[in-house]
Amino acid sequence: MNFEDNKEFARKLDEQDPLRAFRDQFNFPPSRDGNSPVYLCGNSLGLQPKLAKKYVLDELANWANYAVDGHFHSERPWIEYHRHATRGFADLTGSKPSEVIAMNTLTVNLHFLMASFYRPTNARHKILIEEKAFPSDRYAAQSQIRMHGFDPEEGIVEWKSSNEDGWLALSDLADILEREGDSIALLLLPGVQYYTGQVLEMAEICRLGRDAGCVVGLDLAHAIGNVELHLNDWAPDFAAWCTYKYLNAGPGAIGGAFIHESHCSPENLNQLHGWWGHDDKTRFKMLPTFTPAAGAELWQISNPPILSLAPVIASLELFLEAGLPRLIEKSRSLTNYLRWLINRRFPEHIGILTPADARGAQLSLVVQDANIDGKTLFDRLRKLNVTGDWREPDVIRVAPAPMYNSFSDVFEFVERLELALK
Ligand SMILES: *Cc1c(COP(=O)(O)O)cnc(C)c1O
(Lines give C-alpha, C1' and ligand atoms only; values in the text may rest on other atoms or scores of the structure.)
Protein backbone atom coordinates (compact mmCIF):
# COMPACT_ATOMS: atom_id res chain seq x y z
CA MET A 1 0.00 0.00 0.00
CA ASN A 2 1.17 3.55 -0.67
CA PHE A 3 1.06 5.35 2.63
CA GLU A 4 0.90 9.09 3.18
CA ASP A 5 2.23 11.04 6.10
CA ASN A 6 -0.79 13.15 6.98
CA LYS A 7 -3.80 13.14 9.26
CA GLU A 8 -6.34 13.06 6.45
CA PHE A 9 -4.85 9.89 5.05
CA ALA A 10 -5.03 8.16 8.45
CA ARG A 11 -8.64 9.26 8.79
CA LYS A 12 -9.44 7.85 5.36
CA LEU A 13 -7.99 4.47 6.35
CA ASP A 14 -10.17 4.54 9.46
CA GLU A 15 -13.27 5.19 7.38
CA GLN A 16 -12.48 2.17 5.25
CA ASP A 17 -11.77 -0.06 8.24
CA PRO A 18 -14.45 -2.80 8.49
CA LEU A 19 -13.69 -3.20 12.21
CA ARG A 20 -13.99 0.50 13.11
CA ALA A 21 -17.22 0.06 15.09
CA PHE A 22 -15.47 -2.08 17.73
CA ARG A 23 -13.62 0.96 19.06
CA ASP A 24 -16.85 2.28 20.58
CA GLN A 25 -17.25 -0.91 22.56
CA PHE A 26 -14.19 -0.12 24.69
CA ASN A 27 -13.49 2.35 27.47
CA PHE A 28 -10.50 4.59 26.84
CA PRO A 29 -8.65 6.47 29.59
CA PRO A 30 -9.47 10.21 29.70
CA SER A 31 -7.78 13.08 27.89
CA ARG A 32 -5.09 14.89 29.84
CA ASP A 33 -3.97 18.49 29.34
CA GLY A 34 -5.93 18.63 26.10
CA ASN A 35 -4.28 15.45 24.79
CA SER A 36 -6.59 12.63 23.81
CA PRO A 37 -5.32 9.21 24.91
CA VAL A 38 -3.04 7.34 22.52
CA TYR A 39 -3.24 3.88 24.03
CA LEU A 40 -0.83 1.42 22.40
CA CYS A 41 -0.44 -0.89 25.35
CA GLY A 42 -2.79 -3.76 24.51
CA ASN A 43 0.20 -6.10 24.71
CA SER A 44 0.42 -5.37 28.43
CA LEU A 45 -3.14 -4.63 29.53
CA GLY A 46 -5.93 -4.45 26.98
CA LEU A 47 -8.63 -1.81 27.34
CA GLN A 48 -11.90 -2.63 29.06
CA PRO A 49 -14.72 -3.85 26.81
CA LYS A 50 -18.02 -2.29 27.90
CA LEU A 51 -19.49 -5.79 27.72
CA ALA A 52 -17.09 -6.92 30.48
CA LYS A 53 -18.75 -4.65 32.99
CA LYS A 54 -22.17 -5.95 32.00
CA TYR A 55 -21.10 -9.57 32.40
CA VAL A 56 -19.53 -8.95 35.81
CA LEU A 57 -22.63 -7.09 36.97
CA ASP A 58 -24.80 -9.93 35.66
CA GLU A 59 -22.98 -12.40 37.88
CA LEU A 60 -23.12 -10.12 40.90
CA ALA A 61 -26.88 -9.89 40.31
CA ASN A 62 -27.13 -13.66 39.91
CA TRP A 63 -25.27 -14.16 43.16
CA ALA A 64 -27.63 -11.69 44.89
CA ASN A 65 -30.78 -13.23 43.41
CA TYR A 66 -30.01 -16.92 43.21
CA ALA A 67 -27.43 -17.39 45.98
CA VAL A 68 -26.40 -21.06 46.02
CA ASP A 69 -28.90 -21.91 43.27
CA GLY A 70 -26.76 -19.87 40.89
CA HIS A 71 -24.61 -22.97 40.46
CA PHE A 72 -27.40 -24.70 38.57
CA HIS A 73 -30.26 -22.32 37.87
CA SER A 74 -29.07 -18.86 36.82
CA GLU A 75 -28.90 -17.76 33.15
CA ARG A 76 -25.34 -19.05 32.85
CA PRO A 77 -25.06 -21.67 35.60
CA TRP A 78 -21.71 -21.41 37.40
CA ILE A 79 -21.23 -25.15 37.33
CA GLU A 80 -20.33 -24.93 33.65
CA TYR A 81 -19.58 -21.24 33.38
CA HIS A 82 -15.98 -21.89 32.23
CA ARG A 83 -17.33 -23.64 29.14
CA HIS A 84 -18.44 -20.31 27.71
CA ALA A 85 -14.75 -19.69 27.05
CA THR A 86 -14.22 -22.95 25.20
CA ARG A 87 -15.28 -21.94 21.71
CA GLY A 88 -13.36 -18.67 21.81
CA PHE A 89 -10.17 -20.28 23.12
CA ALA A 90 -10.39 -23.13 20.60
CA ASP A 91 -11.00 -20.68 17.77
CA LEU A 92 -8.11 -18.38 18.71
CA THR A 93 -5.61 -21.18 19.29
CA GLY A 94 -6.56 -23.57 16.49
CA SER A 95 -7.43 -26.30 18.96
CA LYS A 96 -10.24 -28.75 19.44
CA PRO A 97 -12.73 -27.63 22.09
CA SER A 98 -11.77 -30.64 24.20
CA GLU A 99 -8.14 -29.45 24.31
CA VAL A 100 -8.66 -26.05 25.97
CA ILE A 101 -9.74 -24.94 29.39
CA ALA A 102 -10.16 -21.58 31.14
CA MET A 103 -8.53 -21.86 34.55
CA ASN A 104 -6.10 -20.19 36.97
CA THR A 105 -3.61 -17.60 35.78
CA LEU A 106 -0.64 -17.96 33.49
CA THR A 107 2.33 -18.77 35.70
CA VAL A 108 0.13 -20.96 37.88
CA ASN A 109 -0.89 -22.89 34.77
CA LEU A 110 2.74 -23.27 33.71
CA HIS A 111 3.41 -24.90 37.07
CA PHE A 112 0.38 -27.19 36.95
CA LEU A 113 1.24 -28.21 33.41
CA MET A 114 4.86 -28.79 34.32
CA ALA A 115 3.63 -30.96 37.18
CA SER A 116 2.22 -33.19 34.44
CA PHE A 117 4.75 -32.74 31.67
CA TYR A 118 8.08 -32.04 33.31
CA ARG A 119 9.07 -35.50 34.53
CA PRO A 120 12.85 -35.26 34.76
CA THR A 121 15.25 -38.17 35.02
CA ASN A 122 18.92 -37.99 35.92
CA ALA A 123 19.89 -38.25 32.29
CA ARG A 124 17.25 -35.86 30.98
CA HIS A 125 16.29 -33.10 33.37
CA LYS A 126 17.09 -29.76 31.75
CA ILE A 127 14.61 -27.10 30.66
CA LEU A 128 15.33 -24.97 27.62
CA ILE A 129 14.11 -21.36 27.63
CA GLU A 130 15.08 -18.38 25.50
CA GLU A 131 17.88 -16.04 26.56
CA LYS A 132 15.59 -13.12 27.40
CA ALA A 133 12.76 -15.22 28.76
CA PHE A 134 10.08 -13.37 30.71
CA PRO A 135 11.24 -13.52 34.33
CA SER A 136 8.15 -15.31 35.62
CA ASP A 137 8.69 -18.17 33.16
CA ARG A 138 12.34 -18.38 34.09
CA TYR A 139 11.56 -18.45 37.82
CA ALA A 140 8.92 -21.11 37.23
CA ALA A 141 11.37 -23.28 35.29
CA GLN A 142 14.16 -22.78 37.83
CA SER A 143 11.93 -23.68 40.74
CA GLN A 144 10.59 -26.79 39.00
CA ILE A 145 14.15 -27.97 38.45
CA ARG A 146 14.98 -27.28 42.11
CA MET A 147 11.81 -28.98 43.38
CA HIS A 148 12.84 -32.12 41.52
CA GLY A 149 16.21 -32.12 43.26
CA PHE A 150 18.35 -30.77 40.45
CA ASP A 151 20.53 -27.67 40.22
CA PRO A 152 18.70 -24.80 38.50
CA GLU A 153 21.96 -23.14 37.46
CA GLU A 154 23.01 -26.19 35.53
CA GLY A 155 19.48 -27.23 34.59
CA ILE A 156 18.49 -24.19 32.53
CA VAL A 157 19.65 -24.22 28.92
CA GLU A 158 19.33 -20.91 27.09
CA TRP A 159 18.51 -20.48 23.43
CA LYS A 160 20.68 -17.46 22.76
CA SER A 161 20.48 -14.97 19.97
CA SER A 162 23.39 -14.98 17.55
CA ASN A 163 22.19 -11.74 16.04
CA GLU A 164 22.79 -8.21 17.32
CA ASP A 165 19.09 -7.34 17.27
CA GLY A 166 18.36 -10.18 19.67
CA TRP A 167 16.28 -12.28 17.28
CA LEU A 168 16.18 -15.99 17.83
CA ALA A 169 17.24 -18.22 14.95
CA LEU A 170 15.75 -21.66 14.52
CA SER A 171 19.10 -22.99 13.32
CA ASP A 172 20.59 -22.10 16.72
CA LEU A 173 17.84 -24.05 18.46
CA ALA A 174 18.47 -27.00 16.15
CA ASP A 175 22.19 -26.85 17.04
CA ILE A 176 21.48 -26.94 20.76
CA LEU A 177 19.13 -29.88 20.37
CA GLU A 178 21.64 -31.68 18.21
CA ARG A 179 24.37 -31.11 20.78
CA GLU A 180 22.56 -31.65 24.06
CA GLY A 181 18.96 -32.56 23.23
CA ASP A 182 19.38 -35.86 25.09
CA SER A 183 19.67 -34.01 28.39
CA ILE A 184 16.73 -31.66 27.81
CA ALA A 185 13.38 -32.73 29.23
CA LEU A 186 11.32 -29.69 28.23
CA LEU A 187 11.32 -26.76 25.83
CA LEU A 188 9.39 -23.90 27.43
CA LEU A 189 9.18 -21.19 24.79
CA PRO A 190 7.00 -18.25 23.86
CA GLY A 191 4.90 -17.86 20.74
CA VAL A 192 5.78 -14.18 20.56
CA GLN A 193 8.87 -12.99 22.44
CA TYR A 194 7.76 -10.24 24.84
CA TYR A 195 10.84 -8.04 24.52
CA THR A 196 11.62 -8.04 20.81
CA GLY A 197 8.11 -8.82 19.60
CA GLN A 198 9.50 -11.57 17.37
CA VAL A 199 6.96 -14.24 16.41
CA LEU A 200 8.71 -17.58 16.77
CA GLU A 201 8.26 -20.41 14.29
CA MET A 202 6.09 -22.44 16.61
CA ALA A 203 5.37 -25.28 14.18
CA GLU A 204 9.10 -25.82 13.67
CA ILE A 205 9.88 -25.53 17.37
CA CYS A 206 7.33 -28.27 18.09
CA ARG A 207 8.79 -30.47 15.37
CA LEU A 208 12.40 -29.99 16.48
CA GLY A 209 11.49 -30.60 20.12
CA ARG A 210 9.55 -33.74 19.31
CA ASP A 211 12.35 -35.11 17.12
CA ALA A 212 14.81 -34.59 19.98
CA GLY A 213 12.53 -36.46 22.39
CA CYS A 214 11.70 -33.34 24.43
CA VAL A 215 8.34 -32.23 25.76
CA VAL A 216 7.26 -28.90 24.26
CA GLY A 217 5.30 -26.25 26.17
CA LEU A 218 4.37 -22.88 24.66
CA ASP A 219 3.70 -19.67 26.54
CA LEU A 220 1.19 -17.80 24.41
CA ALA A 221 0.85 -14.67 26.58
CA HIS A 222 1.73 -12.40 23.66
CA ALA A 223 0.45 -14.64 20.92
CA ILE A 224 -3.21 -15.33 21.67
CA GLY A 225 -5.53 -12.86 19.98
CA ASN A 226 -2.52 -11.48 18.13
CA VAL A 227 -1.22 -14.07 15.67
CA GLU A 228 -2.52 -17.19 13.96
CA LEU A 229 -2.15 -20.36 16.00
CA HIS A 230 -2.69 -24.01 15.04
CA LEU A 231 -2.04 -25.86 18.25
CA ASN A 232 -3.81 -29.10 17.40
CA ASP A 233 -1.81 -29.33 14.22
CA TRP A 234 1.56 -28.17 15.57
CA ALA A 235 1.06 -30.43 18.57
CA PRO A 236 2.99 -28.89 21.43
CA ASP A 237 2.32 -31.06 24.46
CA PHE A 238 0.84 -28.11 26.31
CA ALA A 239 0.39 -24.36 26.15
CA ALA A 240 -0.83 -21.62 28.48
CA TRP A 241 -1.80 -17.97 28.17
CA CYS A 242 -3.16 -15.03 30.07
CA THR A 243 -6.20 -13.08 28.95
CA TYR A 244 -5.47 -9.52 30.05
CA LYS A 245 -3.10 -8.62 27.19
CA TYR A 246 -4.56 -8.78 23.67
CA LEU A 247 -7.67 -10.50 25.01
CA ASN A 248 -8.73 -7.46 27.08
CA ALA A 249 -10.17 -9.45 30.00
CA GLY A 250 -8.80 -7.19 32.73
CA PRO A 251 -6.12 -7.34 35.42
CA GLY A 252 -5.53 -10.82 36.78
CA ALA A 253 -8.35 -12.31 34.70
CA ILE A 254 -8.56 -16.07 34.40
CA GLY A 255 -6.11 -17.54 31.90
CA GLY A 256 -6.23 -20.54 29.65
CA ALA A 257 -4.48 -23.78 28.94
CA PHE A 258 -4.16 -26.24 26.08
CA ILE A 259 -3.34 -29.90 26.45
CA HIS A 260 -2.88 -31.78 23.21
CA GLU A 261 -5.51 -34.44 22.59
CA SER A 262 -2.86 -37.14 22.54
CA HIS A 263 -2.54 -36.64 26.31
CA CYS A 264 -6.24 -36.37 27.04
CA SER A 265 -7.19 -39.92 27.81
CA PRO A 266 -8.55 -41.39 31.03
CA GLU A 267 -5.43 -43.57 31.14
CA ASN A 268 -3.25 -40.50 31.61
CA LEU A 269 -3.70 -39.53 35.23
CA ASN A 270 -0.56 -37.46 35.56
CA GLN A 271 -2.26 -34.33 36.81
CA LEU A 272 -2.80 -32.76 40.17
CA HIS A 273 -6.42 -33.45 40.93
CA GLY A 274 -9.30 -31.62 42.55
CA TRP A 275 -13.03 -32.02 42.37
CA TRP A 276 -13.42 -29.82 39.28
CA GLY A 277 -11.29 -32.30 37.34
CA HIS A 278 -13.78 -35.01 38.24
CA ASP A 279 -16.39 -36.11 35.74
CA ASP A 280 -19.18 -33.57 36.25
CA LYS A 281 -21.99 -36.14 36.00
CA THR A 282 -20.95 -37.77 39.26
CA ARG A 283 -18.98 -34.96 40.89
CA PHE A 284 -21.58 -34.27 43.54
CA LYS A 285 -21.98 -37.87 44.61
CA MET A 286 -18.93 -36.97 46.71
CA LEU A 287 -17.32 -40.36 46.20
CA PRO A 288 -13.86 -41.17 47.54
CA THR A 289 -12.74 -42.45 44.14
CA PHE A 290 -11.78 -40.07 41.37
CA THR A 291 -13.48 -40.37 37.98
CA PRO A 292 -11.58 -38.26 35.45
CA ALA A 293 -13.34 -35.65 33.34
CA ALA A 294 -12.78 -35.85 29.59
CA GLY A 295 -10.30 -33.63 27.79
CA ALA A 296 -8.51 -30.61 29.20
CA GLU A 297 -11.11 -30.25 31.97
CA LEU A 298 -9.24 -33.00 33.77
CA TRP A 299 -6.57 -30.40 34.60
CA GLN A 300 -9.09 -28.13 36.29
CA ILE A 301 -8.82 -28.31 40.06
CA SER A 302 -11.05 -25.82 41.83
CA ASN A 303 -14.40 -24.30 41.05
CA PRO A 304 -13.41 -21.20 39.09
CA PRO A 305 -13.67 -17.54 40.21
CA ILE A 306 -16.75 -16.53 38.23
CA LEU A 307 -16.20 -12.78 38.60
CA SER A 308 -12.74 -13.05 37.03
CA LEU A 309 -14.05 -15.28 34.30
CA ALA A 310 -16.95 -13.03 33.29
CA PRO A 311 -14.76 -10.49 31.44
CA VAL A 312 -13.03 -13.35 29.61
CA ILE A 313 -16.39 -14.56 28.30
CA ALA A 314 -17.31 -11.00 27.25
CA SER A 315 -14.02 -10.44 25.52
CA LEU A 316 -14.09 -13.74 23.63
CA GLU A 317 -17.51 -12.85 22.26
CA LEU A 318 -16.02 -9.73 20.73
CA PHE A 319 -13.17 -11.75 19.20
CA LEU A 320 -15.57 -14.25 17.68
CA GLU A 321 -17.62 -11.40 16.26
CA ALA A 322 -14.64 -9.54 14.80
CA GLY A 323 -12.92 -12.74 13.60
CA LEU A 324 -9.20 -13.34 14.02
CA PRO A 325 -8.36 -13.25 10.27
CA ARG A 326 -9.85 -9.76 9.95
CA LEU A 327 -8.10 -8.60 13.11
CA ILE A 328 -4.76 -9.90 11.87
CA GLU A 329 -5.23 -8.24 8.51
CA LYS A 330 -5.91 -4.90 10.17
CA SER A 331 -3.07 -5.45 12.61
CA ARG A 332 -0.62 -5.86 9.73
CA SER A 333 -1.82 -2.63 8.13
CA LEU A 334 -1.55 -0.74 11.41
CA THR A 335 1.99 -1.88 12.10
CA ASN A 336 3.03 -1.44 8.47
CA TYR A 337 1.82 2.14 8.68
CA LEU A 338 3.55 2.69 12.01
CA ARG A 339 6.80 1.23 10.73
CA TRP A 340 6.61 3.33 7.56
CA LEU A 341 5.99 6.55 9.48
CA ILE A 342 8.80 5.88 11.96
CA ASN A 343 11.31 5.03 9.25
CA ARG A 344 10.29 8.09 7.28
CA ARG A 345 10.37 10.60 10.10
CA PHE A 346 13.09 9.37 12.43
CA PRO A 347 15.55 7.31 10.36
CA GLU A 348 18.45 8.50 12.50
CA HIS A 349 16.83 8.46 15.90
CA ILE A 350 14.52 5.49 16.29
CA GLY A 351 15.27 1.89 15.43
CA ILE A 352 12.80 -0.98 15.32
CA LEU A 353 13.96 -4.14 17.03
CA THR A 354 11.04 -6.28 15.92
CA PRO A 355 11.73 -8.30 12.76
CA ALA A 356 9.67 -7.00 9.83
CA ASP A 357 8.72 -10.47 8.65
CA ALA A 358 7.99 -12.16 11.99
CA ARG A 359 5.80 -9.96 14.10
CA GLY A 360 2.35 -9.39 15.47
CA ALA A 361 0.93 -6.13 16.76
CA GLN A 362 3.97 -5.07 18.75
CA LEU A 363 6.91 -2.99 17.60
CA SER A 364 9.82 -2.66 20.01
CA LEU A 365 11.46 0.73 19.51
CA VAL A 366 14.99 1.64 20.54
CA VAL A 367 16.58 5.06 20.57
CA GLN A 368 19.64 5.04 18.31
CA ASP A 369 20.85 8.57 18.97
CA ALA A 370 23.41 8.67 21.77
CA ASN A 371 22.23 12.19 22.68
CA ILE A 372 18.75 10.99 23.58
CA ASP A 373 18.01 8.92 26.65
CA GLY A 374 15.35 6.31 25.94
CA LYS A 375 13.74 6.45 29.37
CA THR A 376 13.51 10.27 29.24
CA LEU A 377 11.84 10.03 25.85
CA PHE A 378 9.40 7.49 27.22
CA ASP A 379 8.56 9.76 30.18
CA ARG A 380 7.91 12.66 27.80
CA LEU A 381 5.55 10.49 25.79
CA ARG A 382 3.70 9.64 29.01
CA LYS A 383 3.25 13.36 29.70
CA LEU A 384 1.70 13.69 26.24
CA ASN A 385 -0.86 11.02 27.19
CA VAL A 386 0.77 8.27 25.12
CA THR A 387 0.66 4.86 26.75
CA GLY A 388 3.18 2.31 25.55
CA ASP A 389 5.52 0.57 27.93
CA TRP A 390 9.12 0.71 28.90
CA ARG A 391 11.13 -2.49 29.19
CA GLU A 392 14.60 -2.43 30.68
CA PRO A 393 17.21 -1.86 29.50
CA ASP A 394 16.25 0.23 26.49
CA VAL A 395 13.02 -0.65 24.74
CA ILE A 396 9.78 1.26 24.24
CA ARG A 397 7.10 -1.24 23.26
CA VAL A 398 4.09 -0.01 21.32
CA ALA A 399 1.31 -2.25 20.09
CA PRO A 400 -1.69 -0.96 18.16
CA ALA A 401 -4.46 -3.42 19.00
CA PRO A 402 -6.59 -3.96 15.92
CA MET A 403 -9.75 -4.46 17.97
CA TYR A 404 -9.85 -0.84 19.18
CA ASN A 405 -6.91 1.13 17.83
CA SER A 406 -7.17 3.23 14.69
CA PHE A 407 -4.84 4.45 11.98
CA SER A 408 -5.36 7.91 13.48
CA ASP A 409 -3.95 6.58 16.79
CA VAL A 410 -0.86 5.44 14.91
CA PHE A 411 -0.51 8.79 13.21
CA GLU A 412 -1.05 10.69 16.46
CA PHE A 413 1.58 8.54 18.18
CA VAL A 414 4.15 9.53 15.60
CA GLU A 415 3.18 13.22 15.91
CA ARG A 416 3.72 13.07 19.65
CA LEU A 417 6.91 11.09 19.29
CA GLU A 418 8.21 13.93 17.13
CA LEU A 419 7.19 16.45 19.80
CA ALA A 420 8.84 14.37 22.52
CA LEU A 421 12.07 14.13 20.51
CA LYS A 422 12.32 17.94 20.23
C1 LIG B 1 2.49 -11.45 30.83
C2 LIG B 1 3.33 -12.64 30.97
C3 LIG B 1 3.30 -13.40 32.15
C4 LIG B 1 2.45 -12.98 33.32
O5 LIG B 1 2.24 -14.02 34.19
P6 LIG B 1 1.02 -14.05 35.23
O7 LIG B 1 1.15 -15.34 35.84
O8 LIG B 1 -0.24 -13.82 34.44
O9 LIG B 1 1.23 -12.91 36.19
C10 LIG B 1 4.08 -14.54 32.20
N11 LIG B 1 4.86 -14.91 31.16
C12 LIG B 1 4.91 -14.19 30.01
C13 LIG B 1 5.79 -14.62 28.89
C14 LIG B 1 4.16 -13.02 29.89
O15 LIG B 1 4.22 -12.30 28.78
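Order of listing sets the numbers, starting from 1, for every ligand and every atom in it.
In terms of polar-atom proximity, defined here as any N/O pair under 3.5 Å, His222 does make such a contact with ligand 1. Checked against a 3.5 angstrom limit, the closest N/O atoms of Tyr194 and ligand 1 fall outside it.
Here is the list of ligand 1 atoms found below 4.0 Å of a heavy atom in Lys245: 1 (C), 2 (C), 3 (C), 14 (C), 15 (O). Ligand 1 places these atoms under 4.0 Å from at least one heavy atom of Asp219: 11 (N), 12 (C), 13 (C).
Here atom 11 (N) of ligand 1 lies nearest to Asp137 when heavy atoms of Leu220, Thr105, Asp137 are compared. Selection from Leu110, Leu106, Asn104, Val108 by nearest heavy atom to atom 10 (C) of ligand 1 gives Leu106.
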(request) With salt bridge (Lys or Arg N to Asp or Glu O under 4.0 Å) as the test, would you mind laying out the steps for Asp17 and Arg23 before giving the verdict? (result) CA-CA 11 Å; Asp17 169 14; Arg23 186 178 175 89; over 6 Å; no
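The side-chain hydrogen bond (donor to acceptor under 3.5 Å, both in side chains) contacts involving residues 302-323 comprise Tyr55-Glu317, Arg76-Glu317, where partners must be two or more places apart or lie in separate chains.
Of the protein's non-hydrogen atoms, Tyr244 OH, 2.5 Å is the one closest to atom 8 (O) of ligand 1. The nearest protein atom to atom 7 (O) of ligand 1, hydrogens excluded, is given as Thr107 OG1, 2.6 Å; this is a heavy-atom distance.
A salt bridge links Arg207 to Glu204: at least one charged side-chain nitrogen sits closer than 4.0 Å to a carboxylate oxygen.
One side chain, Trp390 or Glu392, offers a donor N or O that lies under 3.5 Å from an acceptor on the other.
Tyr81 and His84 have perpendicular rings, their planes meeting at more than 60° on a 0 to 90° scale where under 30° would count as parallel.
Of the residues listed (Trp340, Phe407, Phe411), the one engaging Phe3 in a ring pair (Phe, Tyr, Trp, His ring centres under 6.0 Å) is Trp340, and it is the only one.
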